[in-house]
Chemist: 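Before I ask anything, let me first share the structure, which is written out below as structure tokens.
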There are 2 protein chains.
Amino acid sequence: MLKNEREREIINFLKTEDGFVTVKTLCEKLYTSESSIRRDLTALEQKGIIKKTYGGAELVKSFSNVVSFIKRSHHNINEKKIIAKKAKSLLRDGDIIFLDQSSTSFYLANEIMSDSTLTVITNNIEILSLLSNSALRVISSGGILSSENRNCLIGADAHSIFENIRAHKVFFSTKSLSEDGIISDCTREEVLVRNVMLQNSEQKIFLCDSEKLGTKSPYKQTTLNHVDFLITENDNAVIFSESFPALQIM
Amino acid sequence: MLKNEREREIINFLKTEDGFVTVKTLCEKLYTSESSIRRDLTALEQKGIIKKTYGGAELVKSFSNVVSFIKRSHHNINEKKIIAKKAKSLLRDGDIIFLDQSSTSFYLANEIMSDSTLTVITNNIEILSLLSNSALRVISSGGILSSENRNCLIGADAHSIFENIRAHKVFFSTKSLSEDGIISDCTREEVLVRNVMLQNSEQKIFLCDSEKLGTKSPYKQTTLNHVDFLITENDNAVIFSESFPALQIM
DNA sequence: AAAATATTGATTTATTTTGATAAAAACAGT
DNA sequence: ACTGTTTTTATCAAAATAAATCAATATTTT
């Protein structure tokens, strides 16, 4: 692996992890020696992108737009990455996809960064920032920056993009999936915009780490019988296969 | 295989891949020697299309690393911060403002992060990311992620937000301001969306670090007689006070 | 067709990058 | 403050890549 390539990977790593990596981790992930990693890190530090610390490096804080989304708490990162990998396997060349405001969608965005045949439409500003470093065709919804999560766009202007584009697939995730197959979430406005995505997409793919399973949230999004794929990181979701025979579980 | 044919293929390769290829890969894919590939690469580099790196080459426009953005934003950083501070002094409580896709606007956004009475409308995704960490009311345009700069939204969906909101002030910046007062920029789509901002704002405030002074770019944005304020980091702009008596220079 | 010019790939030479090692520095626990 | 461990820095030879050179081939011009 070349220096150039590594530097990009390192930045990417910092962005998708919590803004910090150890030298060791980088060695393992990038299959290279400590020396090289250290040299890369000093180079990146001189460019002002990262800050070396004892044992590793972190993204510089001053460029909050590069870092912004890292501050947000992403839980169950590993589960979400597994789900993202599975979700990726459903994609075909040339697909037009909606990615919702969930963090799981963000990890999917990360997986597809180099699939330049795809078109991504999203209201998730973390995804927008991330994919601004890719060659993908990206379309953002407009709208009001959600006052609750501050990571997505909502309101009428957010709806209009999804109303006017027909997607092959929508990938989405919410807070809760109850035993009876009701998918629900916590904020009304976000449910509304996600609904528009669901209505205007041929396939609906629900990304659901098993922690959500068996929980309930105030605002109903949809039910599993309207969903084509249910992707979890393990096999816990098979309980739905009886009640929803048409649902494909991955 | 002929030279220009190869060059085309190389560019094509860079565009469809990750924005980076190794010399080796090119040798294999194009069935030719390292020497030829290297010669092609140096030629393409001189044309300014690619940038050679150890082991390969990358697209120059390449967004694909964060570096490009940081470089851009770091250019004349102090001047831009001075301008941003001056611009901030024009703001009143409750103002609704348009911030354009320029990096100078980004620094203004940085200055106003704690003024929670303001409403910001922008097509600059860096500003969007930044202000997602603030308490400001923020509205984003929709649109296509610009393929050139990868830092802003363009196209019809970008226009519509600015068409439907009337702002108190628009803060904007472009590549060039010539001696005769013509403000111009490099990409047509960006000029267009900025135009909509200008049309729908009461006051028009041009942020212009003095390096832009006396230069010209292909696409005309507007002229100084349509501008209310011209803000620079020093006094170089006073030369315009005679020709444009209505213009306020800061 | 011959001459002039440009392009190619092989070879050699120079430069950059790499990984290993040892010594210095930073850290953690006592 | 001392000790053992981990991490950093500095250095160097080996490996990988780039640049320069040149004869052979291809292309264009005359």
Side-chain angles (χ1 to χ4, degrees), chain A residues 1-63 66-67 70 77 114 133 135, chain B residues 1-68 70-71:
Chain A
M1 184 175 249
L2 262 48
K3 187 181 167 187
N4 211 289
E5 225 171 339
R6 273 201 317 266
E7 287 193 7
R8 230 183 317 174
E9 280 299 316
I10 290 174
I11 295 173
N12 201 24
F13 222 85
L14 282 164
K15 284 170 76 173
T16 52
E17 298 297 316
D18 53 357
F20 176 82
V21 271
T22 63
V23 175
K24 247 185 197 164
T25 317
L26 288 172
C27 287
E28 291 168 13
K29 297 281 179 183
L30 306 180
Y31 307 104
T32 185
S33 69
E34 282 198 8
S35 302
S36 294
I37 293 295
R38 280 184 214 291
R39 273 185 286 249
D40 294 341
L41 292 181
T42 41
L44 286 170
E45 184 171 41
Q46 272 167 349
K47 290 183 196 168
I49 299 169
I50 67 164
K51 172 100 181 47
K52 284 208 293 181
T53 65
Y54 193 83
E58 60 189 20
L59 275 176
V60 295
K61 294 276 153 47
S62 59
F63 275 95
V66 178
V67 197
I70 289 153
I77 293 181
S114 45
N133 303 312
Chain B
M1 184 174 251
L2 261 53
K3 193 178 167 186
N4 11 4
E5 201 176 343
R6 271 203 319 267
E7 289 194 5
R8 233 190 2 235
E9 278 299 316
I10 291 174
I11 295 173
N12 207 21
F13 221 85
L14 281 165
K15 281 185 177 165
T16 52
E17 295 299 311
D18 223 356
F20 176 82
V21 270
T22 63
V23 174
K24 249 187 198 162
T25 317
L26 288 172
C27 287
E28 291 169 13
K29 297 282 178 184
L30 305 181
Y31 306 105
T32 184
S33 69
E34 285 197 7
S35 304
S36 294
I37 293 295
R38 280 185 217 292
R39 273 186 284 251
D40 293 341
L41 292 181
T42 39
L44 285 170
E45 183 172 41
Q46 271 166 351
K47 291 182 195 166
I49 299 171
I50 65 164
K51 170 106 181 38
K52 285 208 294 182
T53 66
Y54 194 85
E58 61 189 17
L59 270 180
V60 140
K61 283 181 195 168
S62 185
F63 35 77
S64 40
N65 43 25
V66 185
V67 192
S68 69
I70 289 185
K71 269 189 201 152

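Note that these values count all heavy atoms, side chains included, but never hydrogens, waters or copies made by symmetry. First the proteins, then the strands, lettered A, B, ... as listed; each starts at 1.
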Chemist: Write down the atom of A/S33, the atom of A/C27, and the distance for their closest heavy-atom approach.
Modeler: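 Shortest heavy-atom separation between A/S33 and A/C27 comes out as C-SG, 3.8 Å.
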Chemist: Can you find a heavy atom in the side chain of A/I50 that is under 4.5 Å from one in the side chain of A/L14?
Modeler: yes
Chemist: Which heavy-atom pair separates A/I10 from A/L30 by the least distance, and what is that distance?
Modeler: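 That closest heavy-atom pairing would be CG1-CD1, 3.9 Å.
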Chemist: Can you tell whether the side chains of B/K47 and B/E7 come within less than 4.0 Å, N to carboxylate O?
Modeler: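 Yes.
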Chemist: If the sugar-phosphate is the primed atoms plus P, OP1 and OP2 and the base is the rest, what is the B/S/- string for nucleotides 15-21 of chain C, using protein heavy atoms under 4.0 Å?
Modeler: -BSBBB-
Chemist: Please give, in whole Å, the distance from C/dG9 P to B/R38 CZ?
Modeler: 13 Å
Chemist: Without decimals, in angstroms, what is the distance between B/E45 CD and D/dA18 P?
Modeler: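 After rounding, the gap between these two atoms is 11 Å.
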Chemist: For A/T42, answer base if it contacts any base atom (sugar-phosphate contacts may also be present), sugar-phosphate if it contacts only those atoms, and nothing otherwise; contact means non-hydrogen atoms under 4.0 Å.
Modeler: nothing
Chemist: Answer yes or no: is there a side-chain heavy-atom contact under 4.5 Å between B/F13 and B/T25?
Modeler: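 When only atoms from C-beta onward are counted, B/T25 and B/F13 do touch, with a gap below 4.5 Å.
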Chemist: How long is the line joining CG of B/L41 and C1' of D/dT17, in whole Å?
Modeler: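 From B/L41 CG to D/dT17 C1': 12 Å.
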Chemist: Output yes when at least one side-chain N/O atom of A/K24 is less than 4.0 Å from OP1 or OP2 of D/dT6, else no.
Modeler: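 Answer no for this pair, as no side-chain N or O of A/K24 is under 4.0 Å from OP1 or OP2.
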Chemist: Scan A/T53 against the nucleic acid and name what it touches under 4.0 Å (heavy atoms): base, sugar-phosphate only, or nothing.
Modeler: sugar-phosphate
Chemist: Strictly below 4.0 Å: does B/K52 bring a side-chain N or O up to OP1 or OP2 of D/dA19?
Modeler: yes
Chemist: For a 4.5 angstrom cut-off between non-hydrogen side-chain atoms, does A/L41 reach A/L26?
Modeler: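 Yes. Closest side-chain heavy atoms under 4.5 Å.
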Chemist: Take the protein atom CD of B/E5 and the nucleotide atom C1' of C/dA6, then report the distance between them rounded to whole Å.
Modeler: 17 Å
